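Comments concern the structure below.
Note that this is a predicted model, so its numbers are computed, not measured. Within every chain, numbering begins at 1; the chains are lettered A, B, ... in the order of the sequence lines, protein sequences first and strands thereafter.
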Amino acid sequence: MSDFYQNVYAVVRLIPSGRVTSYGAIARYLGSSGSSRMVGWAMNLSHNQPIYVPAHRVVNRNGLLTGKIHFGTPDQMEELLENEGVHVEDDKVLGFDTLLWDPIIELR
DNA sequence: ACGTTGACCTATA
DNA sequence: GTATAGGCCAACG
């Protein structure tokens with residue numbers, strides 16, 4: 001595994017319950033600004049990862065659950081988020097601005 | 001080996 | 001405010 005993925009997983013694992021972050025934020029935090037797609041790829045591989053990665057806490061910049069289809073069932077992501085107190089409606093996170101957990105700001 | 005695709009983002013129009 | 005374009009780089013066929 002390259003360090004990039006390890007870093008991504010590490011950051012994602014640090015996201016507190018009930019909070020969310022965005023792919024771009026992680027990419028920027030890792031210094032790979034502009035390569036936010038790689039973060040998504042990393043999430044895709046997180047399935048095979050031995051450790052559990054709360055990928056449901058990572059959404060796009062608009063707060064939209066674009067990756068929900070990559071879970072077992074499309075509703076799994078919403079369920080997990082709702083289970084943690086994050087309300088989801090029409091595939092988007094409610095109050096995304098306040099729930100956003102930016103590693104650049106939080107881990108600074 | 002090459003072209004296409006994609007859990008994205010930013011910038012123009 | 002939506003729409004389209006370009007960039008990014010790893011995996012897949």
Heavy atoms from C-beta onward define the side chain here; which of [options] lies closest to that of [X]?
X	options	value
A:Phe71	B:dC8, C:dC9, B:dA7	B:dA7
A:His70	B:dC9, B:dA7, C:dA11	B:dA7
A:Arg37	C:dA10, C:dC8, B:dC9	C:dC8
A:Leu45	B:dG6, C:dA11, B:dA7	C:dA11

Applying a 4.0 Å non-hydrogen cut-off, can you work out what [X] is touching in the nucleic acid: base, sugar-phosphate, or nothing?
X	result
A:Ser46	base
A:Asn44	base
A:Arg61	sugar-phosphate
A:Ala55	base

Take atom [atom1] of [X] and atom [atom2] of [N], then tell me their distance rounded to the nearest Å.
X	N	atom1	atom2	result
A:Ile26	B:dC8	CD1	C1'	12 Å
A:Met38	B:dA7	CE	P	11 Å
A:His47	B:dA7	NE2	C1'	10 Å
A:Tyr5	C:dA11	OH	P	4 Å
A:Asn48	B:dA7	CG	P	17 Å
A:Phe4	C:dC8	CZ	C1'	11 Å
A:Leu30	B:dC8	CG	P	17 Å
A:Leu65	B:dC8	CG	C1'	15 Å

Is any side-chain N of the basic residue among A:Glu84 and A:Arg19 closer than 4.0 Å to the acidic one's carboxylate O? no

Heavy-atom distance under 4.5 Å between the side chains of A:Tyr23 and A:Ile26, does that happen here?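 A:Tyr23 does not reach A:Ile26 side chain to side chain.
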
Do the side chains of A:Leu107 and A:Asp102 get nearer than 4.5 Å, heavy atoms only? no

Quick one: pull up OG1 in A:Thr21 and CZ in A:Arg61 and give me the separation to the nearest 0.5 Å. 8.5 Å

Do any side-chain nitrogens or oxygens of A:Thr66 fall under 4.0 Å of OP1 or OP2 in B:dC8? yes

Heavy-atom donor-acceptor pair, A:Asn83 side chain to A:Glu79 backbone, under 3.5 Å: no

Considering only atom P, compute the distance from C:dA5 to B:dT5 and round it to an integer number of Å. 16 Å

When you compare C:dG6 with B:dT4, how far apart are their P atoms, in angstrom units rounded to a whole number? 15 Å

Does the B:dC8 base have a donor-acceptor partner in the side chain of A:Ser36 within less than 3.5 Å?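 Such a pair exists between side chain and base.
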
